[in-house]
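Both backbone and side-chain heavy atoms feed into the values below; hydrogens, waters and symmetry mates do not.
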Amino acid sequence: MSYEHQQLDPGAVEDSLAPTRPICQHVDWSKIGLTPTRLQFIGELVSEFIGIYLLILVGDSCSCMALLFSPSPYLTSYWGVCITWGLAVTFAIYGTGGVSGCHINPAVTVSFALFRGFPWWKVVPYIIAQWMGAFVGAFSVYNMYFPIFTAYLNSNNITKQDSVTSSESFFTSVNEHLTNYDGFIGQIYQTGILLYGIFAVTDPFNPNSFSHNGLKALLIGYVVAMVGGGFGFLEGFAINPARDFGPRVAAYALGWGKAAFPGFHNYWWGPICGPLIGGPLGAFIYEAFNRPFMPGVQVHGDTPLMSAWSRLVIKLFPKMALYHFQKGESEKSSIFIEDRFHQDMHVNMDVGPGGTTQQESGIEGLDRTL
C-alpha cells in the first residue's frame, strides 16, 4: 500500500511520540555533575581564557612588528601600537564580555570584587584562566613569528637570553633610565587611570558613560590606548599582571631564560605588584569621590569595603548623619546614615518604545562587569 493511502490510528500515533527535550538542551550535563550553575561558571572561565588569548595574540603580534622588523612599520607612528592594543581589548570585550564580563586582567577582577560585588570565590579561578590564556597566546605568537625571531637573532648575532629587544615582544621592561621602583610606581599610576576609566565608563549612574550599550567596549579600548600613548615608553604600559606574567613564563619556556626571569633590571615583579595596587586604588577614587555625586544616586554599593568607608565618612563628618524621630517622642530613637556610598540603588532604565525596566547598580547591572 502506498504511503498516501495508509490509514493511521490517531491514538497509536500519539502513543508513539517519545518525550522530547528542550531544543537548547542536547546533552544532560547534570549526569556528570555539571549543573547549569557549574556549566555557566566553566563558560565564564573559558571566556576569560579566550578573551586574553585574543588580546595577547593581537597585541604581542603588534609588538613583534614594532621590534623585530627593520625598518619598523611603527617607526614614526607609535600611536599605531597603542591603538592596536586598545582595539584588541575592545575586540575581546565584544567577543566574551556577555559571558564573563571580559575582565582579562587580575587588577580588574580584584577591583570589581572590592567595589562592585563580584563574588570573591571567583577571583582566583578567573586570574588562573587569565594567566593561562596569556601563556597560550604567547606561544601562538611565537609560532607565527618563528622565522622572524630566527632572522632577527641571526642578523644581530645574539642568543635569545642576551636579546632584551626580542624578549620585549612578549612582555614589558623598564626603561634603562628608570629604576625598578620607578617602574613599579608607574604601574600604580597607569593601572589606577585604567580602572578609574573602566569604572566611569561602566557606571549606569554616569550620564556621560555608555554603560547601557556596546560603545563602552570601544571606550575602554580607547582608555588603554590613551595610557599607552601617555606612558608607554616608561615601562611598556603592562597595566595587567596576566598580560605580562603569562607571556613572560612562555618566553622563559621558549628559551629566553634570564631575559625573561628575572628579566632586564630584575623587573619581573613590577608589572605584577604595581597593577594590583594601582587598579583598586583608581577604582576606589571613582567609587568614593565621584560616583556618590552622580545624578540619581542616593545610596549604592554592596561590599564591606564601601560600608567601612561610609562609616569612616560619618565618623569624620557627623553632621552628614540623618536623625529620625519617632512620633510622640522628643528624644532621638535611632540614627540613619545617609550612606551615599553603600546600599544598592534601583533605577528605571529607558528601553525604548516598550517602556522601562528595572536596572541594578553594581555587577548585575553592568552585563556582569563591563
Side-chain angles (χ1 to χ4, degrees), residues 24 29 34 36-62 83-113 116-141 191 194-195 197-204 209-225 227-228 238-247 250 275 279 283 362-370:
C24 61
W29 296 100
L34 290 179
T37 301
R38 291 176 180 175
L39 195 60
Q40 173 64 29
F41 180 53
I42 291 175
E44 292 174 11
L45 298 182
V46 171
S47 291
E48 286 296 297
F49 179 96
I50 293 174
I52 197 165
Y53 173 85
L54 295 174
L55 171 64
I56 297 302
L57 187 66
V58 176
D60 276 5
S61 293
C62 173
I83 199 64
T84 300
W85 275 99
L87 289 177
V89 171
T90 297
F91 176 55
I93 294 173
Y94 279 132
T96 65
V99 180
S100 67
C102 192
H103 296 188
I104 60 174
N105 186 339
V108 173
T109 302
V110 171
S111 296
F112 271 94
R116 294 283 175 91
F118 184 75
W120 277 104
W121 65 269
K122 290 185 177 182
V123 169
V124 172
Y126 260 54
I127 292 175
I128 293 174
Q130 292 157 9
W131 276 337
M132 291 177 62
F135 176 83
V136 176
F139 267 92
S140 296
V141 171
T191 316
L194 172 67
L195 266 296
I198 290 175
F199 270 53
V201 168
T202 59
D203 184 1
S209 76
F210 292 88
S211 60
H212 300 309
N213 58 47
L215 284 179
K216 61 187 175 184
L218 185 60
L219 265 288
I220 291 171
Y222 274 119
V223 172
V224 173
V227 173
I239 57 177
N240 183 339
R243 171 264 175 275
D244 194 271
F245 183 74
I363 204 77
E364 303 301 334
L366 302 175
D367 300 331
R368 289 194 174 85
T369 55
L370 304 182

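Closest approach of Ile104 and Ala92 over heavy atoms only: CD1-CB, 4.1 Å. The minimum heavy-atom distance between Val99 and Gly43, with the atom names listed, is CG1-O, 3.6 Å. Summarising the geometry of Val141 relative to Ser61, their closest heavy-atom pair is CG2-OG, 3.8 Å, with the distance given to 0.1 Å. The two residues Pro247 and Ile56 come nearest to each other via the heavy atoms CG-CD1, 4.0 Å. Minimum heavy-atom separation, Ala113 to Val123: CB-CG2, 3.8 Å. Scanning all heavy atoms of the two residues, the minimum distance from Ala88 to Leu55 falls at CB-CD1, 3.8 Å.
Note that CD of Gln40 is 8.5 Å distant from OG1 of Thr37, once rounded to the nearest 0.5 Å. Rounding to the nearest 0.5 Å gives a distance of 12.5 Å between NE2 of His103 and CD1 of Ile52. Note: Thr90 OG1 to Trp85 CH2 = 13.5 Å, rounded to the nearest 0.5 Å. Atoms NZ and CD, on Lys122 and Glu44 in that order, are 3.5 Å from each other to the nearest 0.5 Å. One finds the OG1 atom of Thr96 at 7.5 Å from the CG atom of Leu54 (value rounded to the nearest 0.5 Å). In this structure, the separation between CE on Met132 and CG on Leu45 is 9.5 Å, given to the nearest 0.5 Å.
Under a cut-off of 6.0 angstrom, the local environment of CZ in Phe41 is crowded, with over 12 non-hydrogen atoms contributed by other residues, nucleotides or ligands.
Side-chain atoms of Arg243 never come within 3.5 Å of backbone atoms of Gln130 as a donor-acceptor pair (strictly under, hydrogens ignored). At least one donor-acceptor pair closer than 3.5 Å links the side chain of Tyr126 to the backbone N or O of Ser100.
Among Val108, Asn105, Val224, the single residue meeting the side-chain contact (heavy atoms from CB on, under 4.5 Å) criterion with Ile198 is Val108.
Classification of Lys216 and Asp203 as a salt-bridged pair fails, no side-chain N sitting under 4.0 Å from a carboxylate O.
Counting heavy atoms from C-beta on, the side chains of Leu87 and Leu218 come closer than 4.5 Å. Inter-residue side-chain proximity for Thr202 and Phe112 is flagged as met; some heavy-atom pair is nearer than 4.5 Å.
Partners of Phe49 under the ring pair (Phe, Tyr, Trp, His ring centres under 6.0 Å) rule, at least two apart in sequence or in another chain, do not exist in this structure. Applying the side-chain hydrogen bond (donor to acceptor under 3.5 Å, both in side chains) test to Ser47 and every residue at least two apart in sequence or in another chain returns nothing. Phe91 is linked by a ring pair (Phe, Tyr, Trp, His ring centres under 6.0 Å) to nothing, counting only residues two or more places apart in sequence or in another chain.
Note: Phe245 and Trp131 have tilted aromatic rings, judged against thresholds of 30 and 60 degrees for the angle between ring planes.
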Does the side chain to side chain contact (heavy atoms under 4.5 Å, CB included) test come out yes or no for Ser111 and Phe199, once each step is laid out?
CA-CA 9 Å; Ser111 296; Phe199 270 53; 4.1 Å; yes
Which is it for Cys102 and Tyr94 under the side chain to side chain contact (heavy atoms under 4.5 Å, CB included) test, yes or no, and what are the steps along the way?
CA-CA 9 Å; Cys102 192; Tyr94 279 132; over 6 Å; no
